[in-house]
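One structure below.
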Amino acid sequence: MNNYYVTTAIPYVNDKPHLGHAMEFVMADVLARRARQQGKQVIFSIGTDEHGGKIAEKAAELKVKPEQLSDQMSLEFKELAKNLSLSNDRFIRTTDEAHEQRAQIIWKALASDIYKANYVGWYCTGDEEFFTETVVKENKGVCPDHNRPYEKLEEENYFFKLSAYTDAVREAVEKASFAVVPDTRRNEILSVLKEGLDDISISRPKDKIGWGIPVPDDPTQVMYVWFEALMNYITVLGYPENKDFKDFWPADVQVIGKGILRFHAAIWPAMLLALKLPLPKQLYVHGYITVAGKKMSKSLGNAISPDEVIGKYGSEAFRYYFLRHIPSYSDGDFTWETFDAAYNNELANELGNAVQRTMVMVQKYQNGLIGDIPPAEHDMAQYEEALDQCRFDRALDEVWEQVRGLNQYIDEEKPWEIAKPAAAGGDEEHLREVLAYQCSNLLEIADLLTPFMPDTAAKIQGIFKEGIIRPIEGTLFPKQEIKKQ
RNA sequence: CGCGGGGUGGAGCAGCGGCAGCUCGCGUGGCUCAUAACCACGAGGUCACAGGUUCGAGUCCUGUCCCCGCAACCA
């Protein structure tokens with residue numbers, strides 16, 4: 001009960017990290033940090049997915065070995081995690097020996113739900129690729145790129161009896177023993193599950209795609225990447241025998257993007273049921289990020305790298321923006337304008353300045369001495385509830401209610417008036433109470449901010465916690481001049 | 001009739017049956033402790049369009065138009 005396990009999806013290493021990966025990392029980090037704050041034992045795992053034809057192809061393009069490509073890309077994701085101040089305690093790579101071995105153990109454990117059959121598909125030798133019925137139909141049976149008819153090809157694959165588990169998975173989603181949030185995603189997957197799922201092919205012939213984990217006892221086949229990648233969530237804990245696995249599975253929350261919902265809300269739970277393992281308690285599905293209203297893409301040339309954004313105001317501001325201004329339950333948009341505005345208005349003016357004015361007043365009027373700080377008094381039920389539901393945006397709204405409230409309080413109490421000599425209407429004792437309340441409120445805010453902006457929270461605590469002001473160098477969030485165009 | 005999400009003041013969003021709300025931006029005023037910051041007030045919306053249900057509809061139903069994603073082994 002006191003253990004907490006949170007994961008992100010493991011990004012595929014065919015491309016560099018983008019804003020979506022960064023946001024997902026940060027969201028999961030909030031959950032992990034909050035759980036630690038609540039005194040739980042936490043495992044927070046991220047990683048990279050590195051096998052498959054796509055990687056092999058990409059490596060060939062770059063004239064390197066797949067190993068080299070994935071080493072390099074995996075490193076980029078590790079760098080990103082560091083730059084975002086992630087607190088992950090694991091980073092799994094699907095090329096880790098332990099993962100490969102354990103994936104084979106899992107395969108064997110699933111044996112009674114795996115069978116061999118022919119996969120029939122439409123193949124274009126020009127593309128060296130299978131195409132779906134729909135695509136073939138759309139193109140009227142002729143590949144538009146090569147102007148040759150698709151061939152009907154058969155390939156021997158292993159299949160997983162996904163169909164046998166759809167009802168059980170559906171029930172778990174309906175009863176919310178496996179809670180899919182938000183509701184829109186829950187409804188989406190329920191409608192898929194109601195239609196029923198076909199068995200899925202889970203291996204590829206080794207001579208076609210060599211870059212994968214070998215199927216146990218069959219050297220001609222490798223595991224299909226997706227099937228094997230999903231297993232990372234338990235192999236990283238050391239399934240089946242490791243203590244961590246026993247202590248931390250099922251996951252408390254798995255964080256994914258909407259594009260891979262089916263894999264995590266249909267196939268993965270089916271695999272777990274087949275392994276007779278409990279399902280994750282919650283699957284949180286975030287949306288996608290657009291840039292100035294457009295989908296990020298290379299062809300549009302509008303891709304922004306996370307490092308570029310982090311570089312502007314630092315990781316704390318990055319975390320803040322993507323957690324509060326990208327809606328937790330739907331798609332969101334990034335523009336430099338709104339990012340600048342959020343930084344200057346909310347971080348610098350509202351929060352940073354509240355800290356600054358409080359700090360300076362205590363220094364100026366009381367030589368930096370705060371005295372007894374009263375305990376926090378706000379009802380944060382809304383904040384807690386928001387976080388339980390992974391509504392990071394709402395949780396931060398609640399925190400900012402307090403920030404604004406504090407600024408209002410200061411304006412109403414007018415400490416600079418009370419600080420005047422008694423003859424001029426001042427009141428030393430009342431002043432001390434007002435300032436102590438301000439400090440108390442800031443410490444409470446720092447507490448609430450800890451999962452979101454750990455460095456900022458620590459700085460605020462550093463200033464006020466000891467009952468005497470310990471000033472910091474400069475200001476929390478130096479205001480930036482915004483250049484127009 | 002492939003599936004889903006959405007169209008609410010200049011911008012971004014909330015509201016999902018009972019006087020249309022928040023943040024930014026804009027205007028006016030206040031304050032002076034503070035990062036030219038903070039606080040108050042104000043202007044600005046026929047809630048995409050057309051029907052319907054209802055005592056009463058952004059809010060429910062029907063239809064239309066527009067935008068944006070996803071469409072099975074491709075992450």
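Every chain is numbered from 1 and lettered A, B, ... according to where its sequence line falls, protein lines coming before strand lines. Note that this is a predicted model, so its numbers are computed, not measured.
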Plane angle bin for [Y] and [X] - parallel if under 30°, tilted between 30 and 60°, otherwise perpendicular:
X	Y	result
A/Phe339	A/Tyr321	perpendicular
A/Tyr158	A/Trp107	perpendicular
A/Phe392	A/Tyr284	perpendicular

Under 4.0 Å from OP1 or OP2 of [N]: is there any side-chain N or O of [X] that close?
X	N	value
A/Gln356	B/C33	no
A/Asn345	B/G25	yes
A/Arg204	B/C74	yes
A/Lys364	B/A34	yes
A/Lys479	B/A36	no
A/Arg357	B/U32	no

How far, in whole Å, is [M] from [N] if one measures between their [atom1] atoms?
N	M	atom1	answer
B/G2	B/U64	P	13 Å
B/A71	B/G4	C1'	10 Å
B/U59	B/C16	C1'	4 Å
B/C49	B/A57	C1'	16 Å
B/G15	B/C47	C1'	11 Å
B/G63	B/G5	P	15 Å
B/C65	B/U28	P	46 Å
B/C26	B/A37	P	10 Å

Give a yes-or-no answer on whether the side chains of [X] and [Y] include a donor-acceptor pair shorter than 3.5 Å.
X	Y	answer
A/Thr94	A/Glu50	no
A/Trp400	A/Glu346	no
A/Asn441	A/Gln402	yes
A/Asp340	A/Tyr313	yes

Please classify the nucleic acid contact of [X] as base, sugar-phosphate, or nothing, using heavy-atom distances under 4.0 Å.
X	result
A/Arg324	nothing
A/Glu417	sugar-phosphate
A/Gly259	nothing
A/Ala419	nothing

Output the rounded distance in Å from [atom1] ([X]) to [atom2] ([N]).
X	N	atom1	atom2	result
A/Asp340	B/C24	CG	C1'	13 Å
A/Trp400	B/C38	CH2	P	13 Å
A/Glu188	B/C70	CD	C1'	8 Å
A/His325	B/A14	NE2	P	14 Å
A/Lys258	B/G69	NZ	C1'	5 Å
A/Leu396	B/A14	CG	P	16 Å
A/Ile260	B/G4	CD1	C1'	17 Å
A/Arg394	B/G21	CZ	P	18 Å

Determine whether A/Asn157 and A/Tyr224 satisfy the following criterion, side chain to side chain donor-acceptor pair (under 3.5 Å), listing intermediate values before the conclusion. CA-CA 10 Å; A/Asn157 285 176; A/Tyr224 172 54; over 6 Å; no
Candidate nucleotides [options], ranked by approach to the side chain of [X] - the nearest:
X	options	value
A/Asp411	B/A72, B/U32, B/C38	B/C38
A/Tyr365	B/C33, B/C73, B/G15	B/C33
A/Arg262	B/A72, B/U35, B/C33	B/A72
A/Tyr224	B/C74, B/G15, B/U23	B/C74
A/Gln408	B/C38, B/A40, B/C33	B/A40
A/Arg404	B/A72, B/U35, B/C24	B/C24
A/Leu476	B/C39, B/C24, B/U35	B/U35
A/Glu350	B/C24, B/C73, B/G5	B/C24

Taking the nucleotide of RNA chain B with the nearest heavy atom to each, does A/Asp333 or A/Thr358 sit closer to the 5' end?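 The residue closer to the strand's 5' end, by nearest nucleotide, is A/Asp333.
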Contact nearer the 5' end of RNA chain B, comparing A/Trp226 with A/Arg185: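 With A/Trp226 and A/Arg185 compared, the 5'-side residue is A/Arg185.
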Going by modelled atom types, is there a donor-acceptor pair between the base of B/A34 and the side chain of A/Asn353 at under 3.5 Å?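 It does, because a donor-acceptor pair links the side chain of A/Asn353 to the base of B/A34 below 3.5 Å.
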State the pairing partner of [N]; accept Watson-Crick or G-U wobble contacts with both distances under 3.5 Å, and report none otherwise.
N	answer
B/A40	B/U28
B/U23	B/A11
B/G51	B/C61
B/G69	B/C3

Looking at the angle O4'-C1'-N9-C4 for a purine or O4'-C1'-N1-C2 for a pyrimidine, is B/G58 syn or anti, with syn meaning within 90° of 0?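 You should classify B/G58 as syn.
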Flag this pair as yes if the NZ/CZ of A/Arg319 is under 6.0 angstrom from the six-membered ring centre of A/Phe452 and inside a 45 degree cone about the axis; otherwise no.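 No, A/Arg319 does not lie over the aromatic ring of A/Phe452.
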